[in-house]
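Below are the structure tokens for one structure; questions will follow.
Heavy atoms only: backbone and side chains are in, while hydrogens, waters and symmetry mates are out. Source: prediction; values computed, not measured.
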Amino acid sequence: MVYPKIPLAQSIIQICLAKGVTNIVISPGSRNAPLTIGFVSNPKFQCYSIADERSAAFFALGIAQQTNKPVALVCTSGSALLNYYPAFAEAFYSQIPLIVISADRPLTKIDIGDGQTIRQMNVFENHSLYNANLQEDASTDNDFKINEAINKAYTQKGPTHINAPFEEPLYQTTRAITVDPTISAFAKVYKNISIEDIIASTNLWNSAKRKLILVGVNEPHEIDEEIIAVLAKDPSIVVMTEATSNMHHPSFLTAIDAIITPFKEKDFIAFQPEILITFGGMLVSKRIKSFLRNYKVEHHWHIDPLRAYNTFGSLAHHFEANPNDFFNQIVPFTKIVQSDYFQKAQAIKNSRNAKHKKYLAKIPFSDLKVFEIILTALPKNVMLQLSNSSAIRYAQLFEIDSSISVYCNRGTSGIDGSTSTAVGAAVGSLLPTVFITGDIGFLYDSNALWNQYIPNNFKIILINNGGGGIFRILPGHQENKIFNTFFETSHCFTAEQLAKMYGFDYYTASTSDTLNHNMAIFYSQNQRPAILEIFTPTLENDKILLQYFKELV
């Protein structure tokens with residue numbers, strides 16, 4: 001086998017292998033040649049070459065999202081590293097393990113006026129769980145830092161950075177390993193809820209007649225079915241879930257914005273919980289966040305082994321446990337509390353559902369109508385990836401089949417890498433994958449298609465309304481040149497030529513009939529990845545959506 005001759009590169013590669021970091025995404029370059037040679041030459045690593053660093057980082061994020069194991073990103077020195085930052089920040093806030101390994105010039109070459117010699121050490125400091133700034137030679141201190149970077153990514157679920165300086169010559173190889181790096185074990189931490197917390201919590205639980213459980217981003221099947229059943233049958237509990245919660249029960253309230261938006265003050269007061277329990281990642285719904293910030297909850301508990309964000313300004317307790325452990329320890333001490341909280345919530349849900357169906361039956365072809373059609377027609381057991389902005393918000397208004405796993409980059413909520421993430425997730429999971437996106441997000445991340453690893457059953461549904469349609473429903477919208485150019489980003493582009501260039505099958509639709517017809521073909525063909533581009537009326541979508549919320553009352 002071929003190894004890089006530089007000992008430091010050998011150490012990094014050997015420690016990655018020993019700790020199970022075997023998915024390696026490489027951005028081509030020269031300074032990282034020792035790492036590239038070592039990773040690619042070893043068949044135990046699965047290596048991917050992605051030229052655009054920003055796309056590469058989100059691609060790696062998608063793989064890590066699905067495997068729940070760290071993925072290593074390898075780049076050359078200089079500005080290449082900075083292009084990893086959007087995905088690095090997303091990994092931090094979404095708690096996805098990612099390890100950036102950047103090649104660097106030796107310290108004596110930094111800031112001397114030479115090319116690609118930027119200050120790379122600690123460049124991700126504000127969002128990194130650990131920064132391993134290595135010295136040129138292999139050493140026990142370097143081994144410790146490499147181990148720590150990998151351990152933190154595993155145990156604290158987030159991104160870390162290893163910065164490795166290499167001096168030329170970079171391409172020399174050897175047939176024998178010349179280092180014996182130290183491999184440290186993972187620190188396993190087991191946390192139980194204290195008996196004092198159990199007693200205090202269950203006393204509050206057993207006296208509260210209005211308990212709201214609000215669920216953000218979760219992995220599919222993460223919550224035990226037995227726990228779901230317990231929560232669903234308690235008349236004092238209402239469970240609200242988002243599309244990305246991947247948590248299902250017929251009694252749960254799923255379309256949160258449809259439930260909340262028509263509320264008057266008396267409705268907010270009646271719905272205000274005594275106890276709010278949250279778990280999972282970031283929430284999409286602005287309306288539920290506004291409600292809980294304006295109508296403060298006295299007892300807000302957040303359940304997460306690592307982090308607790310005070311999203312509503314009323315966090316009372318952070319239970320450092322996963323939700324299954326929390327409920328399994330608490331539920332045996334709880335009792336059913338007689339209440340009409342659940343019953344009233346169900347009445348609201350049924351009323352909203354009836355008006356939802358009535359309104360959708362009469363609206364013309366538009367973004368809202370398109371989402372009704374495409375979400376209803378999704379094949380069972382696929383992975384659904386959603387881009388940010390309009391796509392995730394429209395999807396929140398509909399029930400998605402429980403066999404479908406749903407993901408979206410909600411850590412930073414940016415549009416910059418949704419397509420690349422979806423491609424990486426498809427590669428990492430091997431599931432048939434459908435990615436729903438808007439035109440601006442798709443065009444912004446079009447280099448995601450510059451990727452030789454896209455599976456043939458990867459499908460993109462692109463809703464093209466000629467600009468950033470979400471800005472039309474925000475306060476301050478005016479139909480003028482400033483708005484159209486600097487907010488909505490009006491354009492006349494389509495995906496047709498991109499599809500041709502990158503070898504995608506391409507379909508279009510601009511009516512319900514053509515959408516239903518071409519969507520059937522779109523799903524039946526799996527010889528190549530495919531794009532279904534749907535054209536909707538730019539000037540009508542916002543009016544139809546705003547009227548939707550008015551007619552739910």
- Please confirm whether Y48 and F59 have ring centers closer than 6.0 angstrom.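 Yes, ring centres under 6.0 Å apart.
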
- Flag this pair as yes if the NZ/CZ of K459 is under 6.0 angstrom from the six-membered ring centre of F522 and inside a 45 degree cone about the axis; otherwise no.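 So K459 does make the cation-pi contact.
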
- Check side chain to side chain contact (heavy atoms under 4.5 Å, CB included) between T494 and all other residues, then give those that pass, not counting sequence neighbours.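 Scan of T494 (side chain to side chain contact (heavy atoms under 4.5 Å, CB included), adjacent residues dropped) gives E496, Y506, E533, F535.
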
- Query: What pair of heavy atoms forms the shortest contact from L134 to A164, and how long is it?
  - Reply: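 Closest pair (atom of L134, atom of A164, distance): CD1-CB, 4.1 Å.
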
- Message: Within this structure, what is the CG-OG distance for the pair N151 and S184, rounded to the nearest 0.5 Å?
- Response: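 Going from the CG atom of N151 to the OG atom of S184 covers 4.5 Å.
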
- Do N447 and R54 have a side chain donor and acceptor closer than 3.5 Å?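 Not at all, the side chains of N447 and R54 share no donor-acceptor pair under 3.5 Å.
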
- Those residues that, when tested against R119, pass side chain to side chain contact (heavy atoms under 4.5 Å, CB included) (two or more places apart):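 For R119, the residues satisfying side chain to side chain contact (heavy atoms under 4.5 Å, CB included) (neighbours in sequence not counted) are I110, D111.
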
- How far apart are the closest heavy atoms of L8 and P165, and which atoms are they?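 Closest heavy-atom pair between L8 and P165: CD2-O, 3.7 Å.
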
- Calculate, to the nearest 0.5 Å, the distance between atoms CD1 and CG belonging to I404 and L384 respectively.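 So the gap between those two atoms works out to 6.5 Å.
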
- If every non-hydrogen atom of T419 is compared with every non-hydrogen atom of G441, which pair is closest and at what distance?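 For T419 and G441, the tightest heavy-atom pair comes out as OG1-O, 4.4 Å.
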
- Message: Please enumerate all residues that pass side-chain hydrogen bond (donor to acceptor under 3.5 Å, both in side chains) together with D137, with sequence neighbours excluded.
- Response: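 By the side-chain hydrogen bond (donor to acceptor under 3.5 Å, both in side chains) rule, D137 matches no residue at all.
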
- Is atom NZ of K19 surrounded by more than 12 heavy atoms (other residues, nucleotides or ligands) closer than 6.0 Å?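 Yes, enclosed.
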
- Query: Rounded to the nearest 0.5 Å, how far apart are NZ of K157 and CG of L98?
  - Reply: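 Between atom NZ of K157 and atom CG of L98 there are 15.0 Å.
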
- Message: Does the Lys NZ or Arg CZ of R307 fall within the cation-pi geometry relative to F92 - under 6.0 Å from the ring centre and within 45° of the axis?
- Response: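 Flagged: R307 positioned over aromatic ring of F92.
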
- Task: Identify which one of N163, N32, T76 satisfies the side chain to side chain donor-acceptor pair (under 3.5 Å) criterion when paired with S102.
- Result: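 Testing each of N163, N32, T76 against S102, the sole residue satisfying side chain to side chain donor-acceptor pair (under 3.5 Å) is N163.
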
- Please name all residues satisfying side-chain hydrogen bond (donor to acceptor under 3.5 Å, both in side chains) with S128, sequence neighbours left out, ordered by chain then number.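 S128 satisfies side-chain hydrogen bond (donor to acceptor under 3.5 Å, both in side chains) with N131 once adjacent residues are dropped.
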
- Are a donor atom and an acceptor atom from the side chains of R393 and S390 found within less than 3.5 Å of each other?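 Not at all, the side chains of R393 and S390 share no donor-acceptor pair under 3.5 Å.
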
- Message: Pair S30, Y171 - check side chain to side chain donor-acceptor pair (under 3.5 Å), show working.
- Response: CA-CA 9 Å; S30 181; Y171 293 87; 3.0 Å; yes

- Angle class for the H300/F312 ring planes (parallel below 30°, perpendicular above 60°, tilted otherwise)?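 Ring orientation, 0 to 90° scale: tilted.
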
- With a 4.0 Å cut-off, would you call D401 and K380 a salt bridge?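 Yes.
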
- Identify the heavy atoms of F442 and A495 that sit nearest to each other, and give their distance.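 In terms of heavy atoms, the two residues are closest at CE2-CB, 3.6 Å.
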
- Message: Main chain of T241, side chain of S245: is a donor-acceptor contact present, judged purely on distance under 3.5 Å?
- Response: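 No; zero donor-acceptor contacts below 3.5 Å.
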
- Which residues satisfy the side-chain hydrogen bond (donor to acceptor under 3.5 Å, both in side chains) test with T433, sequence neighbours excluded?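 Testing T433 for side-chain hydrogen bond (donor to acceptor under 3.5 Å, both in side chains), a comparison that skips the adjacent residues, returns none.
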
Identify each donor-acceptor pair in which a side-chain atom of residues 217-226 lies under 3.5 Å from a protein atom, sequence neighbours left out, and give them as a table.
unit_1, atom_1, unit_2, atom_2, d
E219, OE1, Y407, OH, 3.3
E222, OE1, E219, N, 2.9
D224, OD1, N324, ND2, 3.4

- Message: Taking the side chain as everything from C-beta on, heavy atoms only, tell me whether I534 gets closer than 4.5 Å to I374.
- Response: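 Contact flag for I534/I374 side chains = yes.
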
- Item | Spacing of OH belonging to Y444 relative to OG1 belonging to T437, to within rounding of 0.5 Å |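 Result: 13.0 Å between the selected atoms.
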
- Item | D104 vs F166 side-chain heavy atoms within contact, under 4.5 Å |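 A side-chain contact is absent here, since even the closest heavy-atom pair is not under 4.5 Å.
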
- Message: Under a 3.5 Å cutoff, is there a donor and acceptor pairing between the side chains of T182 and N147?
- Response: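 No, N147 and T182 have no side-chain donor paired with an acceptor closer than 3.5 Å.
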
- Message: If the condition is salt bridge (Lys or Arg N to Asp or Glu O under 4.0 Å), which residues does E167 pass it with, not counting sequence neighbours?
- Response: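 Listed in chain order: K109.
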
- Item | For S418, side-chain hydrogen bond (donor to acceptor under 3.5 Å, both in side chains) partners two or more places apart |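 Here no residue qualifies.
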
- Side-chain heavy atoms of L61 within contact of E90, under 4.5 Å: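 A side-chain contact exists here, since the closest heavy-atom pair is under 4.5 Å.
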
- When the aromatic ring centroids of H127 and Y85 are compared, is their separation below 6.0 Å?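 So the answer is yes for these two rings.
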
- Indicate whether the side chain of N322 and that of D325 have a donor and an acceptor atom separated by less than 3.5 Å.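 Side chains of N322 and D325: pair found under 3.5 Å.
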
- Message: Quick test of your reading: applying side chain to side chain donor-acceptor pair (under 3.5 Å), list the pairs with at least one residue in residues 2-16, sequence neighbours left out, ordered by first then second residue.
- Response: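 For residues 2-16: Q10-T178.
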
- Tell me, yes or no, whether the heavy-atom count around N122 atom CG, taken from other residues, nucleotides or ligands under 6.0 Å, exceeds 12.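 For N122, atom CG is crowded (more than 12 foreign heavy atoms under 6.0 Å).
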
- Message: Checking side-chain polar atoms at under 3.5 Å, does T22 have a donor or acceptor matched by the opposite partner on Q46?
- Response: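 Checked: T22/Q46 side chains show no N/O donor-acceptor pair below 3.5 Å.
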
- Query: Is the shortest heavy-atom distance from the side chain of Y84 to the side chain of S27 under 4.5 Å?
  - Reply: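 Y84 reaches S27 side chain to side chain.
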
- Does a donor on one side chain sit under 3.5 Å from an acceptor on the other, for S420 and D445?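 Judged by distance alone, the side chains do pair up.
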
- Query: Any side-chain heavy atom of I150 sitting closer than 4.5 Å to one from Y154?
  - Reply: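 In short, these two side chains touch, coming nearer than 4.5 Å.
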
- Message: Looking only at the aromatic ring of each residue, does the gap between the centers of H302 and Y309 stay below 6.0 angstrom?
- Response: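 Y309 vs H302: aromatic centres not under 6.0 Å.
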
- Query: If you look at every heavy atom in C408 and L386, which pair is closest and at what distance?
  - Reply: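 Heavy-atom minimum between the residues: SG-O, 3.3 Å.
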
Which atom pairs, donor and acceptor, lie under 3.5 Å between side-chain atoms of residues 449-457 and protein residues at least two apart or in another chain?
unit_1, atom_1, unit_2, atom_2, d
N451, OD1, Y453, N, 2.8
Y453, OH, S49, N, 2.8
N456, ND2, Q527, O, 3.3

- Message: Quick one: does any side-chain atom of E53 pair with a main-chain N or O of S79 as donor and acceptor, under 3.5 Å?
- Response: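 Side chain of E53 to backbone of S79: no pair is present.
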
- Would you mind listing every salt bridge (Lys or Arg N to Asp or Glu O under 4.0 Å) that reaches into residues 29-52, with sequence neighbours excluded?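 As it turns out, the salt bridge (Lys or Arg N to Asp or Glu O under 4.0 Å) pairs with a partner in residues 29-52, which skip direct neighbours, are R31-E168.
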
- Are N409 and N388 close enough, and set up right, to give a side-chain contact (heavy atoms from CB on, under 4.5 Å), and what steps lead you there? CA-CA 7 Å; N409 284 350; N388 274 305; 3.9 Å; yes

- Query: Are side-chain heavy atoms of T278 and I303 found at a separation under 4.5 Å?
  - Reply: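 No, too far: nothing below the 4.5 Å cut-off.
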
- Message: Which heavy atom of P34 sits nearest to which heavy atom of I13, and what is that distance?
- Response: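 Minimum heavy-atom separation between P34 and I13: O-CD1, 4.1 Å.
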
- Item | Worked verdict on F504 versus R528 for side-chain contact (heavy atoms from CB on, under 4.5 Å) | CA-CA 6 Å; F504 277 63; R528 299 196 302 174; over 6 Å; no

- Run the side-chain contact (heavy atoms from CB on, under 4.5 Å) check on V71 and L73 step by step: do they pass? CA-CA 7 Å; V71 174; L73 272 160; 5.7 Å; no

- Going by heavy atoms in the side chains, are M282 and T311 under 4.5 Å from each other?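 Not touching, per the 4.5 Å side-chain cut-off.
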
- Message: Is the shortest side-chain heavy-atom distance between D505 and I531 below 4.5 Å?
- Response: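 A side-chain contact under 4.5 Å is absent here.
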
- Query: Got a sec, which pairs hit side chain to side chain donor-acceptor pair (under 3.5 Å) with one end in residues 56-71, sequence neighbours left out?
  - Reply: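 Residue pairs passing side chain to side chain donor-acceptor pair (under 3.5 Å), neighbours aside: Q65-Q385.
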
- Determine, stepwise, if the pair M247 / F252 fulfils side-chain contact (heavy atoms from CB on, under 4.5 Å). CA-CA 9 Å; M247 181 173 158; F252 291 171; 3.8 Å; yes

